[in-house]
Amino acid sequence: MIEFRIDRRSGVSTYMQIIQQVRQAMRLGLLNPGDRLPSAREVVEATAVNPNTVLKAYRELEREGLVEARRGLGTFVTKSLSSEATTGSDAPLRQELAGWMGRAQEGGLVVEDVDALYSAVRDDHYPAEERS
């Protein structure tokens with residue numbers, strides 16, 4: 001089951017953090033069709049966010065067709081966003097990226113350096129106007 005981590009200093013709204021974490025878990029194959037998301041009550045107990053914030057995030061995910069609310073049962077994942085390239089710790093691209101991260105760390109780069117480099121290279125390959 002997914003455990004949400006809310007960063008109140010991130011500048012990203014809480015409901016967007018929940019949406020992003022669900023999408024990321026789906027892309028990494030950690031959430032698959034049929035999996036149940038934690039109830040709003042469970043998320044509130046774990047993160048101390050307003051239940052309406054959780055419900056707003058779940059409604060947005062439902063509007064996107066990624067989850068389905070079933071009355072009295074919960075909210076369930078309806079589709080997969082994962083691929084062989086992103087699923088599992090043995091996925092080739094993940095292993096290449098892990099190797100690169102190891103070299104960056106050995107080279108003395110700090111997280112902010114890695115983030116800046118990653119963003120620059122990502123923007124070269126995925127211009128902002130082409131991203132969804």
Side-chain angles (χ1 to χ4, degrees):
M1 177 167 303
I2 187 170
E3 292 182 22
F4 295 109
R5 306 243 187 262
I6 305 302
D7 181 356
R8 288 169 172 63
R9 295 177 294 167
S10 70
V12 177
S13 65
T14 302
Y15 94 97
M16 279 305 302
Q17 290 183 49
I18 293 171
I19 291 170
Q20 290 170 348
Q21 289 174 33
V22 169
R23 287 184 190 142
Q24 182 174 355
M26 292 173 71
R27 289 191 189 288
L28 295 175
L30 302 173
L31 283 175
N32 295 295
D35 288 346
R36 187 179 73 82
L37 296 182
S39 68
R41 173 182 283 185
E42 291 168 330
V43 177
V44 168
E45 289 174 2
T47 63
V49 299
N50 186 307
N52 289 329
T53 300
V54 180
L55 295 173
K56 180 178 179 181
Y58 284 9
R59 279 194 305 271
E60 178 62 21
L61 290 164
E62 189 171 17
R63 190 190 65 73
E64 294 175 9
L66 299 176
V67 302
E68 173 186 50
R70 298 180 194 157
R71 185 175 295 274
L73 299 175
T75 303
F76 294 84
V77 174
T78 56
K79 65 190 316 185
S80 174
L81 295 178
S82 67
S83 70
E84 289 183 23
T86 60
T87 303
S89 61
D90 60 342
L93 287 176
R94 185 182 182 112
Q95 288 183 338
E96 287 180 37
L97 185 57
W100 183 88
M101 288 285 178
R103 290 191 303 279
Q105 190 175 31
E106 290 169 5
L109 273 65
V110 296
V111 170
E112 291 80 9
D113 297 331
V114 170
D115 288 346
L117 189 55
Y118 166 80
S119 295
V121 173
R122 180 198 61 206
D123 291 348
D124 288 346
H125 291 274
Y126 299 96
E129 60 273 5
E130 293 180 11
R131 287 186 240 153
S132 57

Are any non-hydrogen side-chain atoms of [X] and [Y] less than 4.5 angstrom apart?
X      : Y      : result
Pro38  : Tyr58  : yes
Val111 : Val114 : no
Asn52  : Tyr15  : no
Val54  : Glu42  : no

*Hey, mind stepping through Leu61 and Ile19 against side chain to side chain contact (heavy atoms under 4.5 Å, CB included) and telling me if it holds?*
CA-CA 7 Å; Leu61 290 164; Ile19 291 170; 3.9 Å; yes
*Considering residues, nucleotides and ligands other than Gln95, do more than 12 of their heavy atoms fall under 6.0 Å from its CD?*
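Atom CD in Gln95 is crowded, with more than 12 foreign heavy atoms closer than 6.0 Å.
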_With side-chain hydrogen bond (donor to acceptor under 3.5 Å, both in side chains) as the rule and sequence neighbours excluded, what pairs involving residues 17-26 come up?_
Ser10-Gln17, Arg23-Glu64
Under 3.5 Å donor-acceptor, [X] side chain and [Y] backbone:
X      : Y      : answer
Ser80  : Pro33  : no
Asp123 : Ala120 : no
Thr78  : Leu66  : yes

*Apply the test side chain to side chain contact (heavy atoms under 4.5 Å, CB included) to residues Leu73 and Arg36: give CA-CA distance (whole Å), side-chain angles for both, the deciding distance (0.1 Å), then the verdict.*
CA-CA 9 Å; Leu73 299 175; Arg36 187 179 73 82; over 6 Å; no
*Could you go step by step and tell me if Leu37 and Val77 meet the side chain to side chain contact (heavy atoms under 4.5 Å, CB included) rule?*
CA-CA 7 Å; Leu37 296 182; Val77 174; 4.3 Å; yes
*Do NZ/NE/NH1/NH2 and the carboxylate oxygens of Glu60 and Arg63 come within less than 4.0 Å?*
yes
